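Sharing a structure below in structure tokens format, with a few things to ask.
Here is how names work: the chains are called A, B, and so on, in the same order as the sequence lines, proteins then strands, and each is numbered from 1. This structure is a prediction, so every number in the text was calculated from the model and none was measured.
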Amino acid sequence: MAHEEVQKRESKWQKLWSDKQAFEANPDKRQKFFCTFPYPYVNGLPHIGHTFTMMRVDAFARYMRSQGRNVLFPQAWHATGTPISAAAERVADGEEKQIKILKDFGVEDSELKSFEKPEHWIKYFAPRYKRDVQKLGMSIDWRREFITTNLNPHYDAFIRWQFLVLKDKGYVKKGKHPVVWCPKMNTPVGDHDRISGEGETPQEFVLVKHKLPDGRFMVSATLRPDTILGLTNTFVNPDAEYTEVDVDGETWILGEPGAKRLAQQGFKVTEKGTVKGSDLVGQKTKEFGDREVLVLPATFLDAKVGTGLVHSVPSESADDLIALQNLQADAGFCKKHGLDMAEVSNIHPIEILDTPEIGKNPAQFYLDKYEVKSQNERKKLDQIRKELYKHSFYNATFSNKYKAVFDRNLTGVPIQEAMSYVTDQLVEAGWAVRYYELTGPVVTRANVDAIVKVVENQWFVTYSDLEWKEQTHKAIKATKFYPESVRAQFEHVVNWLNNWACTREHGMGTRLPWDDQWLIESLSDSTIYMAYYTVAHKIEEVPLEQLNKKFFDYLFLGKGEKPAYPGIDKLRDEFLYWYPLDFRNSGKDLVQNHLTFMLFHHCAIFPEEHWPRSIGVNGWVTVDGQKMSKSLGNVIPVETLLEEYGADATRITILNGGEGMDDPNWDSSFAKGMGPKLEGLLRQATDLKDYKRGNDTPADAWLHSRLHEVIRDVSAAMERTDFRTAIQLSLFELGQVVKWYQARVKVPNKGVLREVLEAQLLMLQPFIPHTCEEAWEILGNDGFISHTKWPAYDSSRIDPGLDEAENMIRDLVDKVRKSGSKDVTIYLAAEWKRKAYEEFDKVVEKSRNPFDITKALMATPLKQHGDELQRLIKFLVKGRIPSYVPTEKDERAWLASAEDFLAEIAGSVKVLEAGEGDSPKKNSGLPGKPALG
RNA sequence: GCGGGGGUAGCAAAGUCUGGUCAAAUGCGUAGGCUUCAGGGGCCUAUGGCCUAGUGCCUUCGAGGGUUCGAAUCCUUCCCCCCGCACCA
């Protein structure tokens, strides 16, 4: 439990920030900085995972403020899409799981009824979510908060405008689209609407026709239409009953479930009758490529799967091969079905593909590998099918059998490159039809099996448009990425992205302006809304009827006639001041959709100068080293974190958890330890409040030197959004520096300590703002630390020599302490090093080739200090200045300065002159290391 | 399979781009000691192995091979882990 004091302190500053409008951003003369994270979806409350992304933006925003930038950091609420409305329906249905979720959020029984309405979720969760965010001390301009969907007619108008612009540019088009569908509810079923079958998607199959002598077609389904040339026969289940249906004037024979699925996918299917599998056995079908093959019986077929019958490619399918072999070995079974045994025995696999490492008959290879004896060994065969498909699809190439079959010679072409081409050719020739099937069974919330439905009239955003892609690539080039390494991923996504179905029939959202049976899908409506933030707090005053396309065209694009609305100039000015977006941060999962969409849409709608400037991407939070999951029960709500640790400890712990693309870890023991650490800062402030900064003595020079090094490095880390590094340096490293300083000088100069503390607070302010404000106040400073400038960095105060000296003394102290000895003798051992440097200079004058230098030096007596020389060469190669080498005088001065200090630890300290007594043994390292005696 | 990110001491994590100051920062954990310290406290020390205990030696940075006077770092082969591969927030 965080102390009451902590909570009181934090709410005190939050109230002050809010009362004094500390983070409300308005255009002024300063350079601006506009940063955002994706607005949260309000079907619940924030947890530890949400805080990381938010915190990164807040820390960056606070840093930028301290750099003198005018920072806009707004936040809104996302309600578009199906999850809330689906959840509301579940509440209405009295579903226990859903009700428990609500109760876990603290919803009372009496309130449950209102959650049957989607709008209530927003009304309920947005304010509570906001309270949590505020309690974390986010520096957000709350005047600009809003919600999405038609519940907010102004925003709704903005989204409609966005789509009108896209449509004008030809980026929204109509087409067909397969979706996972609930036949009971008549809606698409996303992952969250499923009882089971998460992750299953529609998969394109190809229906292949096999013509019976009487003109009817047996229809098989396959994932590998490319293997058509290896077809040797078809298999039907002799005991099954197949359906005979009319499809576009043809008579097709297939299993009943398959026929139903066809109907769902827009095929005109009329049932005509039934056919027994056994009646088909023994007939001959005509195939693509003008061949005739036998219909054979097989027992492994399931009428529910595919069309309930298959065509057989025994060279490429282990199922087919083993079925064939089993049949060939069972004369009785053949006879029972009236087959000519000789004819059956004469069927051999046809080799059609070259599969590396396996050869031309992969089916046989895998049967041998897994020692499959019967077509009923389903487990092994299922495993084989997966393995073989993967291996073959990605690695195999077409053999010379494919030379002259299609319009194009496919010999040597990889399967994955030409599979869809083969399908096209088969479809064109009338032998095949595309259709979809689920990759696995899906049970919907309504407790029925989901199907694939091909939605007609679906609207797409045409991300496949090459010109558009090219523009987006251009935008990526101009964008700064944090970390830089995600750039490659964005490049890839832009290339890979295909048309995106951007409308839904159900859920919440904005109606498509020209076709209002459709709602705009949630990822598509949230691509350029950052522009809306710039005017969100003012646009609500604009009468709705004025918010037409012309209005937004002028406001955001400066196009067309100026609207009559009197405040339009102000709105336009505010937009022009804040846009473009300077920084957007989100989890890495959004790279392949939202963040890339954002770039696409900005390219399509805005001129180049309004494209986003930088994008930050971060990993997924883990908790004490474990993945977050409901089942582990380690999804910690922000409320709990605040109660347990308080805002500052939570903030700094999560940001200390990781940086770059690594998954940040929430380390609860670190969070616990932060409490006392923060109190320590306040104690220091209290201790130093009566001292003035700036009247330092020569003895403090080292402290200044280290301080400015830290300022330099922390600033650089902040610029890279490497917040973990910044925390490590400004909190721990600087803490150690101060500790050493205090140990070293008997009477610390409190004026200088105050200066260091102030700098430290300024650097920590982005992470632990409440504590820093409090300490700032204790020190008697005016104004918010949140509004105070970052500590000035002065490179002239950095003196590597001083550091060398302090390191020497520190080494000395370590050694002495370790030895426990009371009498210490120190050799001024830097002598050899000085000589080495001289020698080095001489050689370098002759040649700058590192190899020559090495060789030359190795010939001198100094080779025994090879390590040191190599180090010098490195400096030379890199064009840097060699590290500081103290003179003997320096060395003595340092020792003198530490005399008292050393005497305290050791009884007596004796300094030996160079050359006096036993000189240090070989490979003497750093100067001044003591020999003990 | 494709795209991206990783593999460093008990844990987390820095170091890798730009090879040498690296037996490897820092934090946590653990152990010991100190502080008249009471109740998430502070400070010091230790935390790869070995012993002759040192300015010592040996062995380490997923595994193997290579380049180099020198490799956690560069090249190469391989193994393993994570994320994404969509119509969903």
Would you mind telling me which of B:G5, B:G42, B:C85 lies closest to the side-chain atoms of A:S485?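 When the side chain of A:S485 is considered, B:G5 is the closest of B:G5, B:G42, B:C85.
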Rounded to whole angstrom, note down the P distance from B:A46 over to B:C2.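 Here B:A46 and B:C2 have their P atoms 50 Å from each other.
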Is there a side-chain hydrogen bond (donor to acceptor under 3.5 Å, both in side chains) between A:S730 and A:Q760 once you walk through the steps? CA-CA 6 Å; A:S730 57; A:Q760 188 175 30; over 6 Å; no
Between B:A86 (P) and A:N495 (CG): distance, integer Å: 17 Å
Can you tell me which nucleotide in B:A86, B:G5, B:G40 comes closest to the side chain of A:K672?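 It is B:G40.
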Is it true that A:K672 and A:E644 have a side-chain N and a carboxylate O under 4.0 angstrom from each other? no
Using atom CZ of A:F670 as one end and atom C1' of B:G40 as the other, report the distance to the nearest whole Å. 15 Å
Heavy-atom pair with the smallest gap, counting every atom of A:W121 and A:N43: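 Smallest interatomic distance, heavy atoms only, reads CZ3-O, 3.7 Å.
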Both distances below 3.5 Å, Watson-Crick or wobble geometry, any strand: find the nucleotide opposite B:A53.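 Partner of B:A53: none found under 3.5 Å.
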Approximate separation, where rounding is to 0.5 Å, of A:T771 OG1 and A:K677 NZ: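 These two atoms lie 13.0 Å from each other.
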For A:V42 versus A:W77, what's the shortest heavy-atom pair and its separation?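 The pair with the smallest heavy-atom distance is CG1-CE3, 3.4 Å.
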Less than 4.0 angstrom between a side-chain N/O of A:T80 and OP1 or OP2 of B:A89, yes or no?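 No.
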For A:R724 and B:A25, give me the distance from atom CZ to atom P, rounded to whole Å.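 Interatomic distance, CZ of A:R724 to P of B:A25: 14 Å.
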If you look at every strand shown and take non-hydrogen atoms under 4.0 Å, does A:N656 touch a base, only sugar-phosphate, or nothing? nothing
Identify which nucleotide among B:A86, B:A89, B:G42 has an atom closest to any side-chain atom of A:L590, counting heavy atoms from C-beta outward. B:A89
Between A:K739 and B:C44, does any side-chain N or O lie under 4.0 Å from OP1 or OP2? yes
If I pick the C1' atom on B:C85 and the same atom on B:G27, what distance separates them, to the nearest angstrom?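 Rounded to whole Å, the distance is 37 Å.
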Could you please name the partner base of B:A24, counting Watson-Crick and G-U wobble pairs only when both distances are under 3.5 Å?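 Base-paired to nothing in any strand shown.
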With both distances kept under 3.5 Å, what pairs with B:A31, Watson-Crick or G-U wobble?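 Pair assignment: B:A31 / B:U45.
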Watson-Crick/G-U partner (both atom distances under 3.5 Å) of B:G84: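 B:C2 - that is the nucleotide pairing with B:G84, both distances being under 3.5 Å.
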B:C51 versus B:C57 - spacing of their C1' atoms, nearest Å: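 The answer is 9 Å between these two C1' atoms.
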What is the nucleic acid contact for A:Q736, judged by heavy atoms within less than 4.0 Å: base, sugar-phosphate only, or nothing? sugar-phosphate
Which nucleotide in the list B:A13, B:C87, B:A89 gets nearest to the side chain of A:N593?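 Among B:A13, B:C87, B:A89, the one nearest the side chain of A:N593 is B:A89.
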Between A:F600 (CZ) and B:A86 (P), how many Å, whole number? 17 Å
Search all heavy atoms of A:W459 against all heavy atoms of A:T503 and return the closest pair with its distance. N-OG1, 3.4 Å
Atom P, compared across B:G6 and B:U45: separation rounded to whole Å: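 Going atom to atom, P in each nucleotide, I get 35 Å.
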Winner on side-chain proximity to A:K588, out of B:A89, B:G40, B:C83, is B:C83
Should B:C17 form a Watson-Crick or G-U wobble pair with both distances under 3.5 Å, which nucleotide is its partner? none
In terms of heavy-atom contacts, does NZ of A:K173 have more than 12 from other residues, nucleotides or ligands at under 6.0 Å? no
Shortest side-chain distance from A:Q489, nucleotide among B:C88, B:C43, B:G3: B:G3
Looking at every strand, decide which applies to A:D667 at a 4.0 Å heavy-atom threshold: base, sugar-phosphate, or nothing.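 Nothing: the residue A:D667, judged by heavy atoms under 4.0 Å, touches no strand.
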Answer with base, sugar-phosphate or nothing: what part of the nucleic acid does A:G675 contact at a heavy-atom distance below 4.0 Å? nothing
From the list B:G4, B:G27, B:A89, which nucleotide is the closest neighbour of the side chain of A:F732?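 Of the options given, the side chain of A:F732 lies nearest B:G27.
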Would you kindly give the OH-to-P distance between A:Y436 and B:A86, to the nearest whole Å?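 Distance check: A:Y436 OH to B:A86 P gives 13 Å.
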Nucleotide nearest A:H492 when distance is taken to its side chain, options B:C2, B:G41, B:C88: B:C2
Provide, to the nearest angstrom, the distance between the CD1 atom belonging to A:I476 and the C1' atom belonging to B:G4.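 About 14 Å, once rounded to whole Å.
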If you define the side chain from C-beta out and look only at heavy atoms, does anything of A:H506 sit under 4.5 Å from A:L519?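 Contact flag for A:H506/A:L519 side chains = no.
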Under 4.0 Å between a side-chain N or O of A:R683 and OP1 or OP2 of B:G42?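 Indeed not, no polar side-chain atom of A:R683 lies that close.
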Considering only the C1' atoms, how many Å lie between B:G54 and B:G49, rounded to the nearest integer?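 These two C1' atoms come out 16 Å apart once rounded.
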Could you please name the option among B:C87, B:C88, B:G40 that lies closest to any side-chain atom of A:L523? B:C88
5′-ward residue of the pair A:E733/A:V180 relative to RNA chain B: A:E733
Separation between the P atoms of B:G56 and B:U67, rounded to whole Å: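 Per the computed distance, 31 Å lies between those P atoms.
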Atom CD1 of A:I727 and atom P of B:C28: how far apart are they, to the nearest Å?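 In whole Å, B:C28 P and A:I727 CD1 are 14 Å from each other.
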Using the C1' atom as the point on both nucleotides, what is the distance between B:G62 and B:C81, in whole Å? 10 Å
Mind checking if A:N43 touches a base, just sugar-phosphate, or nothing, with heavy atoms under 4.0 Å?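 Nothing, no heavy atom under 4.0 Å.
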I would like to know whether A:Y171 and A:H601 meet side chain to side chain contact (heavy atoms under 4.5 Å, CB included); could you show each step before the answer? CA-CA 10 Å; A:Y171 291 142; A:H601 286 231; over 6 Å; no
For B:U67, what is the paired nucleotide under Watson-Crick or G-U wobble rules, both distances under 3.5 Å?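 Checking every strand shown, B:U67 finds no partner, since no pair has both distances under 3.5 Å.
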Map A:Q592 and A:Y41 onto RNA chain B by nearest heavy atom, then report which one ends up closer to the 5' terminus. A:Q592
In whole angstrom, give me the gap between the P atoms of B:C28 and B:G42.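 Roughly 9 Å separates the two P atoms.
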Atom-pair distance (NZ on A:K677; C1' on B:C43), nearest Å: 12 Å
